[in-house]
Amino acid sequence: MYGVSKITSEQNIMLTTFPGAQYSAQSLAEHLDVFAKAGIVVDMICQSAPRGDVVDFSFTTSYSHFAAVMKALPEAAKANPPLISGGYAKVNLFGEEMVTSCGVAARALSALAGAGVEIVLITTSDLDISLLIRQQDEDAALAALTAAFAL
């Protein structure tokens, strides 16, 4: 178990990245607000460390929202369009014991590396780790993680 009590996955995930987005609380809020108003549920929100006045800003959503994402793109992003790609799966490791467990992410990343699975994006909270991987690697990732966490 090693801090993880459940592993789940979701297919047909799309990644949207705004490279070089303006670094301000208002700018990032405006980006997300546009998608919220369009009824698009976003997940795995990730921001890079600032580089001067810019950041790379990413989120995932179901690929079924592709047309809605394209239609909802904020005006600020049209001058610097996002990178959008599909064909991903999200693997989620959950465990209430993660809060007090050391090395959970290291064990997961090591297991995936051993299975030859590359990670595209990682987000975490106190109770879970979400890993975005290529959809064709989903079965190998689930097998490797299930073995690594003895589930």
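Being a predicted model, the structure only gives us computed values, none of them experimental.
Linking ILVMFWY side-chain heavy atoms closer than 4.5 Å, directly or via other members, places L121 and L109 in two distinct hydrophobic clusters. No continuous path of hydrophobic side-chain contacts links L132 to L93 [ILVMFWY only; heavy atoms under 4.5 Å]. L15 and L131 are not part of a single hydrophobic cluster, where members link through side-chain heavy atoms under 4.5 Å apart. F94 and I122 fall into different hydrophobic clusters, where Ile, Leu, Val, Met, Phe, Trp and Tyr are joined by side-chain heavy atoms under 4.5 Å apart, directly or via other members.
No side-chain heavy atom of L151 sits under 4.5 Å from any side-chain heavy atom of L145. Considering only heavy atoms from C-beta on, T123 stays 4.5 Å or farther from D43 through its side chain. Between V4 and M98, some side-chain heavy-atom pair lies under the 4.5 Å cut-off. With contacts defined as side-chain heavy-atom distances shorter than 4.5 Å, the pair V104/Y2 does not qualify. Side-chain contact between I13 and M44: absent, with no pair of heavy atoms (C-beta onward) separated by less than 4.5 Å. Between M70 and I84, some side-chain heavy-atom pair lies under the 4.5 Å cut-off. Looking at heavy atoms from C-beta onward, F57 lies in side-chain contact with I45 at the 4.5 angstrom threshold. Residues T60 and Y88 form no side-chain contact, since every pair of their non-hydrogen atoms from C-beta on lies 4.5 Å or further apart.
Nearest heavy atom pair, residue P82 against residue L73, reads CG-CD2, 3.6 Å.
No donor-acceptor pair closer than 3.5 Å links the side chain of R107 to the backbone N or O of F149. With T61 contributing its side chain and V41 its backbone, the two residues share a donor-acceptor pair below 3.5 Å. Under a 3.5 Å cut-off, the side chain of S125 and the backbone N or O of D128 do form a donor-acceptor pair. Distance alone, capped at 3.5 Å, places no donor-acceptor pair between the Q135 side chain and the Q11 backbone. A distance-only check finds no donor-acceptor pair linking the side chain of S27 to the backbone of Y23 [under 3.5 Å].
The CE atom of M14 sits 4.0 Å away from atom OG1 of T16, with the distance rounded to the nearest 0.5 Å. If you take CD1 on I40 and OG on S64, they are separated by 10.0 Å, rounding to the nearest 0.5 Å. Here the CD-NE2 distance, from Q47 to H31, works out to 11.5 Å after rounding to the nearest 0.5 Å.
The aromatic rings of F35 and F18 sit tilted, their planes meeting at an angle between 30° and 60°.
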